[in-house]
Structure formats: structure tokens, C-alpha cells
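A quick write-up on the structure given underneath.
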Amino acid sequence: MSNAEIIGQDPGWVIALKGVLVFAVCVFLTIMSVWGERRIVARMQQRSGPNRVGKFGLLQALVDGVKLALKEDLIPKSADRIVFVIAPIISTTTCFMAFAVIPLTGPVNFFGQETVMQMTDLSVGVLYVLAIASVGVYGIVLAGWSSGSTYPLLGGLRSSAQVISYEIAMGLSLVAVFIYAGSMSTSEIVAAQDKWWYAVILFPSFVIFAISMVGETNRAPFDLAEAEGELVGGFHTEYSSLKFALFFLSEYVNIIAVSALATTLFLGGYRALPGLGFTEQWLGGWFTLVWFFIKVLGFFFVFVWLRGTLPRLRYDQFMKFGWKVLIPFSLAWILIVSTLRVMSQQEAPPALIATFIFSIALIYIAIATLIDKKKAAQEKAARNITSSEPDFPVPVIPNTRVEQING
Amino acid sequence: MINLALDIGTTAAPESYLFYVLAPLSVLAAVGMLLVKKAVHSALLLAWVMITLAIFYIAQEALFLGIVQIVVYTGAVMMLFLFILMLVGVDTSDSLVETIKGLRAISIVAAVGFGGLLVTLISRATFGRDVVGLSEVNAQGNALGIAELLFTRYVFAFEVISALLITAAVGAMVLAHSQKTKSQFAQRDLSIARFRKGELKDAAGLPSSGVYALHNAVDVPALLPTGSPAPTSISAVLEARGDMIESANYQLKEEAEEDK
């Protein structure tokens, strides 16, 4: 029975309970990931991080949350009041919605009801996630606009331009997955990865997706929307108290959501690591949940690692990278993948496939050589600027010393 | 009349609830879009109308169409609208002054005409029929059904429209692009120009006084690799006044003699 059929038999209370559970898990993960991020970054910077509240500082994020909620809620005079209130609500609701289509476990026994931990199984589930993400951008844009001040407006524009451009690269990187899985449904994509993870066979897609998911979530090194050196706090500069907390929450839920999507699409979702397939039956199937969260938290760790390691990009370099590197590269990769797919479906002779791969490699080498040559010529032209007579106090070049120092 | 209304209401229960909740909301939003003053509010209400339309599509088993409607219209088109509205004027409300003469009359005529068209078309609708053909169309799933039509029967129209759209995009780019969008001399251009002069001495600005010399006061010129003073390293005024001190004056001669 496919996931869609199993979910179709869910009675109402199971659906409701699943919704509550997904929400609770997301909020809990956010609180824990704030703590985890601070501890990991602290360790990377040779500090100890929050360690006062509760064991290992585990309750720090909770306490911070309470503090945030008790702060004064300001709305600037020049703000557009309605939109100012709606913006964080849009951000928060949309970031939770993406979880509806992510399969968290295989078939399990849920209080006596045979089901899978997935709210709904749409046949275009991954597109649905993209659609939700694009609605989520409204929260950021409107927050920036409605604050009625310059920095938030700039931050809002930046981050929406960023999210839109990286969403294109992300969407393109997914095409290869769709072609190989033959479906856009999350559960079928997981099922199609029973032999090989798509992170292995579609490695370039995985790399593009991984880069663009950092851009999409406005995280370091791509956190230009809230570059504090340039824009104070970006789109949420004017927000305080619970409204700010909502943005904070949505940022972390978004990270978890894209990590979950990446896990589902490229790392086999809830399935066990290769060779450990027998663990999928443990605890009546519930052990798959452990696998899923191990992978998601792995992605989260990489997010934190990036933040602890890389400096922020300049905005124009960042956009150039998205439009001039990621998107053309994805397009070329899609062409290659779809050609190979058609060849293997039509059972083309291996010689033909080999020729195709060989010619692609040749074209790549030719283009790379041309670019290298052009670069070398430019460098040579730059180096040619020399003057015969010294007219600037530079160090004496060894062995050419003139025996004339000090007249 | 009541029977007719009841007949219309005989869709599946959840779908009809969905319709009766969302339809008034979307109509209200559509009317509000015309009535609100701020352009951004208008754009937002339009986005809401598009989302509700997408939900109706999904409810009527056009899942793919609904999702794509959100991705394309709400996510891309309306976002661009918002972008431009925000960039052009943050606080501007619509002004009601006629900039083109007779525009109001023309638009009223056009609106009445279009309304009449809609009314005549909608009034021809017959109620109470069963849904036909939906299951056959969706037999292979929504996305596959659309893809098959798009890439077989309507492939020519599809390609023509995409060519048209690309032409429009390129045309807009060409029209909007001008060479002089940059200020004439940005810092980068000045820097490049300095290096392109061919002489390295201009690349990094003038040398400071006292570089490689034996004293770093402002009146001691820097020394070139040949050992001669660099004239550009001190102020021209000092040089003209004769207030320039040779670096050689600071040579520690007595100590050097003691060493001997």
C-alpha cells in the first residue's frame, strides 16, 4: 500500500493529533536548536556558550523565549499597523506548513491505527513546499515595508530578492530528482531511493540544493538581509517582543524544514543508512523517526558550522553567484541528466552513453581551457605594467643594488 | 429557485464548506482591492484572491494547477508587483487626478462592456449537471495529464508563447538598460584607471615622506631604490621654500668612525 492510500484511511482524530505533534516537534526543535547552535558556535570559537540555566544550559532558549514574550511590544508611529501585525503571522504559519508533506517515518502503529507520520501525501508535494516558501517571502517583504523606515525596507528587499533568486536554483536542482524518481510526491521520492540515495547519483543537484537552501533561509554566510554591519537588523529591525519572537521562530523552523526536505529528497528520508536496513523494523517502525532526525540534525549542524566558519558575502557577489553560476550550471546539469535518463529508458547501447558522457567531458574541457586562457591573458596584461626608471620608494630588488646609497 | 440552489449545493460536504467560507472572502478581497487607497494593500488583497483561487483549483481536483498558481502568480508575479510598489513609493496613495484626458470615460465604457460580456456568458450557464470527464483526464495524475497535453497537442502554442515571453523580457531589458546607469567615476574605475596608466608610481597614491630614509619627518624625502630622493614624497611647498633635508644628514658618521 502506498503512503497516500495509508494516509487516506486516517480517521479525523489521527489527522488532528499528527498536526499537533508536528507543531509541537517543530517548536521543541527550534528551542533546542537555538541552544544547540549557541553551544556549537561557542565551541568553535573556544568559548563555553550558555551553561547556567538548567543542565548544560539546556533551558537557556526557553528562558530567553519567556523574556522575549514579556518585553514591551512596540509599533513604530510611521508603521502600517495592519500589515505590521500580519507580516510575522504569515512568516510563522507558512514555515510550519511545509512539514505537512514530509514523511517522518515509515508505516507505524499510531495508537492502534496503522499509518505513516506524514500529514498528507500530495502528488506534487515538493512543488507544494516551494509554493509555501514563496508565500513565506511575503512575511519578510511586508515586514520590511510596513516598518516605515529605511533599513527594514532595504533588508526586506534584499532578502526577498535573495529568496526568489535562490528559489530558482533550488527548483532547478529538484528537476533532476523528479526525473529520476518519476514523481513529485515526497513519499514516492523516498521510496525511489531504496537502493541509492540521490545525494550520490545526483551529486551536483545535491550540491546546488545544499547551497541554495542556505541562501533561501537567509542564513550565514548568506544572511545579507540582516547584515548587522550594514542594515542594523534588516527586515525585523523595528520588531520587538512576541512579533520578533515569531520571526525568530520562523527562521529556525525554516532551517529545520529545508533540512527535512533535503533529507527527504537526497538522503533517503526516514530510511536507514545503507546496510542498516534491519533497524527500520525496530520499535514497530518507529525507529525510522530516529534516522530521519539524525539526518536533519546533521544538516542543522552544517548550517551552524557554516555560520561559525565563513564570513558574510558581499551582496553583489552573492547575487552574481546565484544567477551566473548556480542557475546556468543547474540548467546544463538538467540537460545532461534528462538525456542520460532518456537513453537508459530507451535502452540505448552502452557505447552511445559512453560517447555522450565523453563528448560532454570534452565540451567541458574546451570551455574550461578557453576561460583559463582568457584569464591568463588578462593576468599577463596586468603584469606588463612596469616602468624602467624607479620613481617610487620600493625595497631594493636583491642583486641589483646600486652602490650609491646616501649619495 | 430553492431547489435549484439546493442542487448546486450538492457537492461533497467539505468542498462546499470550503467554498462558502472562502468564496465570500475572496470576493470581498477583490472588491477591497479596488477600494483601498494604498497600492501595497491593493497588491496584498490581489495576492489573497489568487491564493483563494488556487485553493478552489485544488478543491476541484486540479492540484497541480493550484500549486503552480501559487508559485507563479503569488510567488513571482505579485512579488515583483510589490517590489516595484515598494521601490517607487513607500507611502504614496493613488492620486485621482486624470493625467490622460478622457481616461475616466473610456475606462467606464470599457468596464461596462466587459461586465456585460461576463453577465451574458455567465447567464448562459446551466446548473445541476454532473461532472463529466474529470476522472479520465486525471487518470494518470494531474501533472502527467497537463504535461501530455502541453507537450503533444499544444506544443506549438506553448513554444510560441514562451518565445513571445522571452522576447518581451529581453525587450524590456534592452529598453531599460542604458550604459550610463553608473556614476562616471566610481572608486573602482578610478583605481583601474590608476593602474592602466602604465606607471606603477600612480597606482598607490603618492609616497609618504621618509620611506627608506634615515628620518621620517615631513621634510625628509623618501629614498628611491637608487638612493636618490623621491621628489613626490614631500610637499611641493617645502621643496620650493628650500626646507628639504637630505636623508644623508642623519647618517651616524661618528659611530661609523669609532667602529673603524
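Quick note on labels: first sequence line is chain A, next is B, and so on, each numbered from 1. Below, each value reflects all heavy atoms present in this structure, side chains not excepted, and no hydrogens, waters or symmetry copies.
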Tell me if the [atom1] atom of [X] is crowded by more than 12 foreign heavy atoms within 6.0 Å.
X	atom1	value
B:Leu28	CG	yes
B:Gln187	CD	no
A:Arg341	CZ	yes

Residue [X] versus chain B: region with a heavy atom under 4.5 Å:
X	result
A:Ile132	neither
A:Ala133	neither
A:Val141	both
A:Val137	both

Option in B:Leu144, B:Val68, B:Val211, B:Val72 with maximal non-hydrogen atom pairs under 4.5 Å from chain A
B:Val211

Let's test your reading of the structure: which of B:Gln69, B:His41, B:Met78, B:Glu246 forms the most heavy-atom pairs below 4.5 Å with chain A?
B:His41

Parallel, tilted or perpendicular for A:Tyr239 and A:Phe84, by the 30°/60° rule?
parallel

Using 30° and 60° as the class boundaries, would you call the ring planes of B:Phe151 and B:Phe158 parallel, tilted or perpendicular?
perpendicular

Under 4.5 Å to a heavy atom of chain A? For B:Ile58 that would be neither

Counting heavy-atom pairs under 4.5 Å with chain B, the top scorer among A:Leu130, A:Val135, A:Asp80 is A:Asp80

For a side-chain hydrogen bond (donor to acceptor under 3.5 Å, both in side chains) check, start with the C-alpha distance between A:Ser149 and A:Glu238, then their side-chain angles and the critical distance, and finish with the verdict.
CA-CA 8 Å; A:Ser149 98; A:Glu238 303 288 355; 3.1 Å; yes

